[in-house]
*Asks:* 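Dumping the structure here so I can ask a few things about it.
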Amino acid sequence: MSVSSAGAAIRFDYRPRMRLITSTRMLVADLCDELLGDADATSRVAMAAHELMENVAKYSSGGEGSVEVALSQRNGQNYVQVSTKNRASAHQREQLQHLIGELRRAADPIAYYDAVIAKSVLSKGSGLGLARIRAEGNMEVDLSIEGDQVTISAQGSVARRSR
Amino acid sequence: MKPFSVHPIVKEGFSLSAQHEGNAILLKIKGNGDMETPTTLGGYLKKVHTEALRLRAHSVVVECDELYFMSSACIKCFVTWIDSIVKLELMERYKVKFHTNPNLPWQRRSFEALRRFAPALVHIDADSASRTQAAPVSGTMQHSSLGSTPRTPAATSSGSVAPTAVTRSGAPAAMPSRRKP
């Protein structure tokens, strides 16, 4: 973890276990609450971290992954980026490319999320996580792939309360 | 008629209980709903649904005062449940009313998505109704008027101490209290 006047970052390398995910979300929420002082922004960042970490737990090959939360300032604006990194099978990488491509092309995140919710009734899994991050978290979702390493990041600007 | 019989479930960090009150069923959900929760939650909602039909309940009130987080897999459980009500004959349908905690901003956003899924069935309580607009599509996250999360159990305006949060570890989580209307 590093904290400076320009921002703060926290990173965990872990073998995802459910309890660890919940604890990490709480830790992220505490950090954001301390640095941002805004309950709404904190809850969005914590939700995004949780959803991304659950994805790692569900889909990572080899069972290991990392999560990083970074708060920064650019041109007087505060930004947050939550990213997870893990290994994934070729099939999963292909599915992610399709899913995140579709998500990013959707002009209206709320309408897209609503459509995914309606469609989820017919599917076994939820498949809501990434759409939720974009719609409820008001964050953009990106994917980068290097070999079998997958990095999914969620980023957006955040408000900060003066104390 | 056989009395209401859905027994409480208490797991580490998460609990469910339900009771029949007049024409309504009061469903209380507490704790953190994560990846391990959907099986329990989905099963419980099915039982509540069966009982709501048997007792011809007009509504199920979902009390979320101490529900600190719900993953998307848990949201899916609610979608499945609400969809099963939508598929009923009109006369059999009952309302789902979410009684939210305005100090937990995610609840407003998540339950609003459920309301959009079935606007005729899903209601969000008055406390949160004034803040139920969807999150902005782009731009800076908005400042909340709700303040930051208190670190200790907060005293309410009546002077009583708010319920203490449940955590997985069993330690008080110092979660926010419900603000009085």
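Fair warning: this is a prediction, and the values are worked out from it, not measured in the lab. Just so we're on the same page: letters track the sequence lines, and every chain starts at 1.
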*Asks:* Side-chain heavy atoms under 4.5 angstrom apart, residues restricted to Ile, Leu, Val, Met, Phe, Trp, Tyr: same cluster for A:Y79 and A:V45?
*Replies:*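 Hydrophobic grouping puts A:Y79 apart from A:V45.
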*Asks:* Can you get from B:L26 to B:L16 by hopping between Ile, Leu, Val, Met, Phe, Trp and Tyr side chains that sit under 4.5 Å apart?
*Replies:* no
*Asks:* Any donor-acceptor pair under 3.5 Å linking the side chain of B:K76 with the backbone of A:S120?
*Replies:* yes
*Asks:* Show the nearest heavy-atom pair for residues B:F69 and A:M47, with the distance to one decimal.
*Replies:* CE1-CA, 3.8 Å
*Asks:* Report yes or no: do B:F4 and B:I9 belong to one cluster of Ile/Leu/Val/Met/Phe/Trp/Tyr joined by side chain heavy-atom distances under 4.5 Å?
*Replies:* yes
*Asks:* Tell me whether B:R54 at atom CZ has more than 12 heavy atoms from other residues, nucleotides or ligands lying less than 6.0 Å away.
*Replies:*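 Yes, CZ of B:R54 has more than 12 neighbouring heavy atoms, counting only those of other groups under 6.0 Å.
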*Asks:* Between B:R109 and A:R44, what is the shortest heavy-atom contact and its length?
*Replies:* NH1-NE, 3.2 Å
*Asks:* How close do A:S43 and B:P105 get, counting heavy atoms only, and between which atoms?
*Replies:* OG-CB, 3.7 Å
*Asks:* Have B:D34 and A:T22 got a donor and an acceptor in their side chains that come within less than 3.5 Å?
*Replies:* yes
*Asks:* Is there side-chain contact between A:H50 and B:N32, with heavy atoms separated by less than 4.5 Å?
*Replies:*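 Not in contact.
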*Asks:* Is there a side-chain contact between B:W106 and A:R132, using heavy atoms and a 4.5 Å cut-off?
*Replies:*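 Touching, per the 4.5 Å side-chain cut-off.
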*Asks:* So what's closer than 4.5 Å to chain B heavy atoms on A:E51: side chain, backbone, both or neither?
*Replies:*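 Only the side chain of A:E51 comes within 4.5 Å of chain B.
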*Asks:* Heavy-atom distances under 4.5 Å only: say whether B:T80 touches chain A with side chain, backbone, both or neither.
*Replies:* neither
*Asks:* Could you see if B:I75 belongs to whatever hydrophobic cluster contains A:V121? Use Ile, Leu, Val, Met, Phe, Trp, Tyr and a side-chain cutoff under 4.5 Å.
*Replies:* yes
*Asks:* Side-chain donor-acceptor contacts of residues 94-106 of chain A below 3.5 Å, not counting sequence neighbours, with atom names and distances?
*Replies:*
residue	atom	partner	partner atom	Å
A:E102	OE1	A:Y112	OH	2.8
A:R104	NH1	A:V141	O	3.0
A:R104	NH1	A:D142	OD1	2.5
A:R105	NH1	A:G101	O	3.4

*Asks:* Taking all non-hydrogen atoms of both residues, which atom of A:I117 and which atom of B:A113 are closest, and how far apart?
*Replies:*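 Closest pair (atom of A:I117, atom of B:A113, distance): CD1-CB, 3.8 Å.
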*Asks:* What distance separates A:N55 CG from B:S72 OG, expressed to the nearest 0.5 Å?
*Replies:* 7.5 Å
*Asks:* Identify whether A:I133 and A:Y59 are in the same connected component of the hydrophobic contact network (ILVMFWY, side-chain heavy atoms under 4.5 Å).
*Replies:*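 In one cluster: no.
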